[in-house]
Peer 1: 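So that we are looking at the same thing, I have put the structure below in structure tokens.
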Amino acid sequence: MDTLRSATLFACLASAYAQNDKPNFVFVLADDQGWGDVGYNKFKYSHPAYQYDWTYNPPRTPNLDAMAASDSSILFYRFYAGSGVCSPTRSAILTGRTPDRECITGAEGCGTAPAWMCDDPLPLPEPTPTVAEAAKKANYSTIHIGKWHLGDFFFKDSKKPNFAYNKWPVSNPGMHGFDEWHSTEASAPSSTTNCGCEKQWWETSPGCITGGGQWENKAYACTNYWFPLDLDSQHKPTRPMCVNESNGAAVLQQDCVGNLTTKIPGDDSEYIMDVFEEYLTRKTGSEKQPFLAMLWLHTVHEPHPSLPQFFHNYTDAFGDPAGDYLGTITQMDVQIGRLRQMLKDKGVADNTMVWYTADNGPHAAQRDRNKYNALGATNGLRQCKASLYEGGIRTPGIIEWPGVISKHSATWHPAYVSDFLPTVLDVLGLTPEQPTWAADGMSILPLIKALAAAPNTNDTTVRPATHPLVFQLGSQMTIINNNFKILRNPVVGQCDKEMGSRTSGGTFLFNLDTDPTESQDLSSLPQYKNLLANMTQQLEAFADSVTHSQEVESQCKQVAPQPGPSPPAPGVSFAHTYDGAQRCLTISSTGNHPKVLLGDCNGGSKWDVNGSDLTNVAQAKADGNCLKVLMMGTSAEPCDLNVTLTLGKCTGSQNHYAFHYDATTATIVNGKCPEPRCVNVDAGGNVQQGSCTGATTWTEGARVAPSL
């Protein structure tokens, strides 16, 4: 690294912050845009497993291309959404956590239905801190413009409530840290967005755009923009009831929110930029204040009709018009250029960090004449939106920050939307509001600083193994640890099944460095046995931690009632004399991965030795009651020496490393390792896995008979 350059960069950053010239943040989120739905991405992945040679056919995106190649930007080749569908990714951006922790387990419903006719039953939980709330505490102005899709804007008295919806029937941007918002509850057309809201708008020339590159006297359903009605002359909320109450009765449509009453005449992305430009003019002028802005576009989600001039803007690789898919992306791209120029014209481009990505992979029906049309939208990554294969979650990724980055870099460093909140906190020197809560994202400010100091157009630095990318969508789960990816129960998604896609259940292991199309499953190869076991345990520990987050942190899931007292279960205690007193092998608590230790000979000191695996009687089977090595969040392997013990699930590949009691030697043994490992007590009284040479011996106590 150029030491002088690095020192100069950090000095400039420190000077700027010392003068209270806080950086601004703009997060631009496209909708359903594939990794290959940009002009700058020249990669064309293929594999014999596809049995099909797809045609490279990108849209024209000169403004995104310029941003991706700018001297002030970092291009991420491996940037990821927060999920395979939209609502979960939006939650991850705001919270820095995998969205299942907030019970945002899938896409909200509604589509383009009018807000008053449809319920969004997956509210963002009120207890979970957001990046907007953090920014406000640092005296930032905050605004959300565009698609929200994280709950209802006003009380609707849902006829199909769930636990979270009953608690938070209203969940609009104002309740999660945004002073200003101008947003739709769900999806919206890419052109003439609200044309269906007034009959005269579609009956009066020129009418509306509904596809095919022409104006017509018909419209989609009334999709509209909503906004708060309680802002003062400085555009700050004045009625706490409208911001802080979500119990339904206190938050009514006519009291707190209103909707747009004028027709959006053309491009929806242009309208979003119109709203932002008015806001930006105020925040760089009469209401000068640093800002955090979410610009969440509707393009290229269906319906995506493009304006005639973009439908016919160019011909694609098949000789067809750009059409409603490629054309509307080019239409949106114009507004990306406008945004970049707008920031320059207002004199804030240098001090504004802009992120650009998409909420998930493509829904590429009618994109072009490729047999498997998702392949053209993903540049050959497997599958599409709603799948946790790469095509469903890898998206375009660009960060531009002229005041910090002065020479272009491109990186293969894995990053995702959950990294936004911790990065903002790091830039502002803030600590998390809930520091003990699970946090899946990590700050990438160190990476930005490193590449700013030593630019690299083929950076291959890796993400810390303690912060892998984690995803859950229905029964699908995956963990990506740099080049290795474990994938459980993958599905096809919203596209045709591509040849070679495994979608009948199971757990698979891929090396994304050598196999970006996920065509070669490594899970059955002996050289990957330990890696698979380790990543499987990470996957299961991650699932357990999600349940804890839902019940205890975000409180979006009802805690299961605890059973009443029951007769003692069959079991046996294992005693060892330490420091002159008899102690028993026990657990620190019940629940998620408790620590195994020496303690009192009651409660958690009862073990079941009837099966092949040693299980703890006090721990519920559903929580994992097998004695195991603690690997989650550590670098430990199942057969390492001097490592901590815990309880975990007794199913899956991890039970290869479970313990049993050997009555002949009076030791507790992990016999599946190449060299047997034993449960030992060290000089400090700590219980660990260690060598069986000179192993700790345990006195077996009286068994508790089952009740009759």
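Quantities reported herein were computed from a predicted structural model and do not represent experimental measurements.
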Peer 1: Just checking, is any N or O donor in the side chain of Lys263 or Thr192 under 3.5 Å from an acceptor N or O on the other one?
Peer 2: no

Peer 1: If we count only N and O atoms by modelled type, under 3.5 Å, do the side chains of Asp440 and Tyr416 hold a donor and an acceptor together?
Peer 2: no

Peer 1: Regarding Ser519 and Thr517, is there a side-chain donor-to-acceptor distance under 3.5 Å anywhere?
Peer 2: yes

Peer 1: Determine whether the aromatic ring centres of residues Tyr225 and Tyr271 are separated by less than 6.0 angstrom.
Peer 2: yes

Peer 1: Do you know which two heavy atoms are closest between Leu381 and Glu498, and how far apart they sit?
Peer 2: O-OE1, 4.2 Å

Peer 1: Could you tell me whether Arg338 and Glu277 have a side-chain N and a carboxylate O separated by less than 4.0 Å?
Peer 2: yes

Peer 1: Does the side chain of Tyr279 pick up a donor-acceptor pair with the side chain of Ser141 at under 3.5 Å?
Peer 2: yes

Peer 1: Evaluate ring pair (Phe, Tyr, Trp, His ring centres under 6.0 Å) for Phe420 paired with Phe27, printing each intermediate quantity in order.
Peer 2: CA-CA 9 Å; Phe420 180 65; Phe27 197 109; 4.9 Å; yes

Peer 1: Are Trp54 and Tyr45 near enough that their ring centres are under 6.0 Å apart?
Peer 2: no

Peer 1: Please check if any side-chain donor atom of Glu203 sits under 3.5 Å from a side-chain acceptor atom of Asn217, or the reverse.
Peer 2: no

Peer 1: Establish, from distance only, whether the side-chain atoms of Ser70 and His408 form a donor-acceptor pair under 3.5 Å.
Peer 2: no

Peer 1: Between His363 and Asp32, is there a side-chain donor-acceptor contact under 3.5 Å, judged purely by atom types and distance?
Peer 2: no

Peer 1: Output yes when Asp53 and Lys44 qualify as a salt bridge under the 4.0 Å nitrogen-oxygen rule, no when they do not.
Peer 2: yes

Peer 1: Can you tell me if Tyr52 uses its side chain to pair, donor with acceptor, with the backbone of Lys371 under 3.5 Å?
Peer 2: yes

Peer 1: Any side-chain donor paired with an acceptor under 3.5 Å for Asp368 and Asn57?
Peer 2: yes

Peer 1: Any side-chain donor paired with an acceptor under 3.5 Å for Ser87 and Glu108?
Peer 2: no

